[in-house]
Amino acid sequence: MDAITVGLHERSYPIFFGANKLSMLGSLCAGLNLGKRVAVVTNPTVGAWYFEPVRESLVSAGFSVNRIEVPDGEEFKNSDTLKSIYDWLIEFGLDRGSFIVALGGGVIGDMAGYAAATYLRGIPFVQVPTTLLAQVDSSVGGKTGINHERGKNLIGAFYQPRLVMIDVAVLDTLAEREYLSGLAEMAKYGVVLDAEFFGFMFDNADKLLARDKDCLLATVKRSCALKASVVEKDEREGGLRAVLNYGHTIGHAVETLTGYRQFLHGEAVAIGMAQAAKISEAMGYSGSEDTERVLALLAKLKLPLDLPPFKASEYIEAICHDKKVRDGGLNFVFNNNIGHFTIARVADVSQLTRICGIGE
Ligand code: NAD
Ligand code: GLY
């Protein structure tokens, strides 16, 4: 299988890419000296499709496999579900010579990764991401965690997987909105990190929408390589890694204001990217033709662009409550033309809402 490496010294790991290759998982794990026992954490939706081929592959490579199934949904990414994972790990007798496989989208990956980071002070884990968002974003880079009732992802750890195995064929069963939502995160890499990749997505939008396997293999791999290049330089988000939050400042505000019910994460990010492109132009970081290209790509990918109708004061409050706002100022990610970025302080958040044309 095709592979790249995330280079993090002793925490380095490979990401493998293929289509219809779940049967390779066992032999890939066998090469890593992870121990003989494995718990596969999944949910009923993903498990119904993919647990059996994953189990078969692991068993034929000599592993003893247990299944841990947690309920499907972001609302279950919490301490109760985490405790149930610990309970099963103890019940199955998993020891330090064991590992976890996270089989699912970002919810499963984040939660199973955090269980691995903390169970017995840390056992190895492997990511098998099954949503496009998880394949291009959450399975790479080692952010793990759960939500708290006071906010998303408030409890967590940086804990890198030992291996990520990406099979783009599993995306065939993903719901259309979930799939398009992942395309927003993919587009993000092009806008701020790679103009050529942006152009490739622009020219191949139809193939992406059709889930063409060759096109997905190329674009998912490029997305992971771009994310890896950022994480390698700034694993714990001291500065540079914040570029991955392009579009997220306003995207998070949209999610908060709509109670996380109206938009999927990637849809809210697409709206946030459309606004970030306008803000970048208005503040002199890019030209009008760049903004038009960003908006056109998002529209080609059938993503929403328009802000839901809340008042400027509501947007400002939502933006200022975001955990990334510190000392009354906000670090905003601007696209510098297309393919480059600048992170700069915005002292007056109302400047952003004015540029976006949000009324009082
Ligand atoms: P998700 O994990 O909830 O998956 C979305 C839905 O798709 C679920 O119902 C799931 O069961 C279903 N599904 C998954 N794979 C499928 C498949 N192949 N076929 C059919 N259905 C399938 O959502 P997500 O968008 O993957 O992840 C969102 C989570 O990721 C959030 O909790 C977010 O905080 C987290 N996240 C983490 C990072 C990170 O760096 N760790 C980055 C971005 C997002
Ligand atoms: N998804 C943003 C990050 O991994 O930093």
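As a basis for the values below, the full set of heavy atoms in this structure was taken, side chains included, without hydrogen atoms, waters or symmetry mates. We count ligands from 1, going down the list as the structure has it; atoms in each ligand are counted the same way.
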Gln127 touching ligand 1 at heavy-atom level, < 4.0 angstrom: no
Check each of Leu264, Thr144, Leu174 against atom 21 (N) of ligand 1 and report the one with the nearest heavy atom. Leu174
Where's the contact between Asn43 and ligand 1, heavy-atom distance under 4.0 Å: side chain, backbone, both or neither? side chain
List the closest protein heavy-atom neighbour of atom 1 (N) of ligand 2: residue, atom name, distance to the nearest 0.1 Å. Asp137 OD1, 3.0 Å
Would you please indicate yes or no on a ring centroid separation below 6.0 angstrom for Phe341 and Tyr285? no
Counting only heavy atoms closer than 4.0 Å, does ligand 1 sit against the backbone of Val107, its side chain, both, or neither? both
At a non-hydrogen distance cut-off of under 4.0 Å, which region of Met111 contacts ligand 1 (side chain, backbone, both, or neither)? neither
Examine the proximity of ligand 1 to Thr45 and report which part, side chain or backbone, both or neither, has a heavy atom under 4.0 Å away. side chain
Polar atom proximity, Lys143 to ligand 1 (N or O, under 3.5 Å): yes
May I ask you to check whether His265 has an N/O atom sitting below 3.5 Å from an N/O atom of ligand 1? no
Closest approach of Tyr246 and Ala277, non-hydrogen atoms and distance? OH-N, 3.5 Å
Side chains of Asn336 and Thr342: any donor to acceptor distance under 3.5 Å? yes
What I want to know is whether Val170 and ligand 1 share at least one N or O pair that is separated by under 3.5 angstrom. yes
If only side-chain N and O atoms count, and only distance matters, is there a donor-acceptor pair under 3.5 Å linking Thr118 with Tyr86? yes
Over all heavy atoms of both residues, which pair between Tyr189 and Asp137 is shortest? Give the atoms and the distance, please. OH-CA, 3.8 Å
Within the structure, does Asp72 bring an N/O atom to less than 3.5 angstrom of an N/O atom in ligand 1? yes
Can you tell me which residue and heavy atom of the protein come closest to atom 35 (C) of ligand 1, and the distance to 0.1 Å? Asp110 OD2, 3.4 Å
Only one of Val243, Val231, Leu193 passes side chain to side chain contact (heavy atoms under 4.5 Å, CB included) with Leu226; say which it is. Leu193
